Amino acid sequence: MPAIASRKSYRVGRSKTGLGLFATMPIKKGTRIIRYFGPILDCRIPEHDEIENKYLFELNGRWTIDGSVRKNLARYINHSCRPNAESDVRPRERKVFIRAIKNIEPGDEINYDYGSDYFKAYLKPIGCKCPSCENKRKKQRAEARAERAKVKARAERKAQKAGAKSLKKSTKKKKLNGHAVAKKSRARA
Ligand SMILES: [Zn+2]
């Protein structure tokens with residue numbers, strides 16, 4: 001039997017992307033945190049098959065949980081590409097539980113991987129905002145910044161070298177001119 005958190009170990013709170021579910025106490029790896037629930041839809045019933053919202057959780061080819069009901073607090077759990085929880089799908093029981101796959105600390109946001117279909121349909125077009133993807137983007141921006149700085153420094157060095165060269169040339173010229181002038185004036189004297 002998997003461990004079940006005895007008291008409510010979560011609360012809905014503000015996350016970066018809106019609302020999210022946060023741990024209110026330490027949650028041990030392997031613990032069932034919350035059940036993802038709602039009316040069970042049967043795709044063979046046309047009225048059911050027509051229902052469309054982003055809280056649909058497909059159990060298998062036939063059964064889907066409509067998680068859009070307000071009481072289903074698990075619907076507040078955001079997606080992450082490097083999550084601390086997972087969905088434990090039990091098609092035969094028509095149940096889904098969200099289970100910790102890491103030790104979760106109080107205050108941590110709880111998240112699980114929504115899967116590639118959801119990612120492609122909803123997250124990829126707007127850019128995934130999960131911490132892992134945000135960090136990746138931050139790193140890429142820093143690398144781009146460093147690259148630009150490198151290019152700029154190289155260009156500056158080049159310009160400096162070119163400047164020094166032309167300065168050398170112009171002083172040489174001046175000397176020559178001075179010499180010429182001096183010669184002429186001497187000749188005139
Ligand atoms: Zn992501």
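Counting starts at 1 for both ligands and their atoms, in listed order. Since the model is a prediction, treat every value here as computed from it, not as a measurement. We number each residue from 1, following the sequence as shown.
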For [Y], is there any backbone N or O sitting under 3.5 Å from a side-chain donor or acceptor partner on [X]?
X: Asn111; Y: Asn84; value: yes
X: Ser80; Y: Arg82; value: yes
X: Ser132; Y: Cys81; value: no

Checklist entry - Between Phe57 and Val89, is any pair of side-chain heavy atoms under 4.5 Å apart? => result yes
Next on the checklist: Taking the ring of His79 and the ring of Tyr112, is the distance between their centroids below 6.0 Å?
Outcome noted: no
Item to check | Qualifying salt bridge (Lys or Arg N to Asp or Glu O under 4.0 Å) pairs with a residue from residues 56-68, counting only residues at least two apart or across chains | outcome: Asp42-Arg62
Item to check | Tally of protein N, O or S atoms, where distance to the Zn ion (ligand 1) is under 2.8 Å | outcome: 4
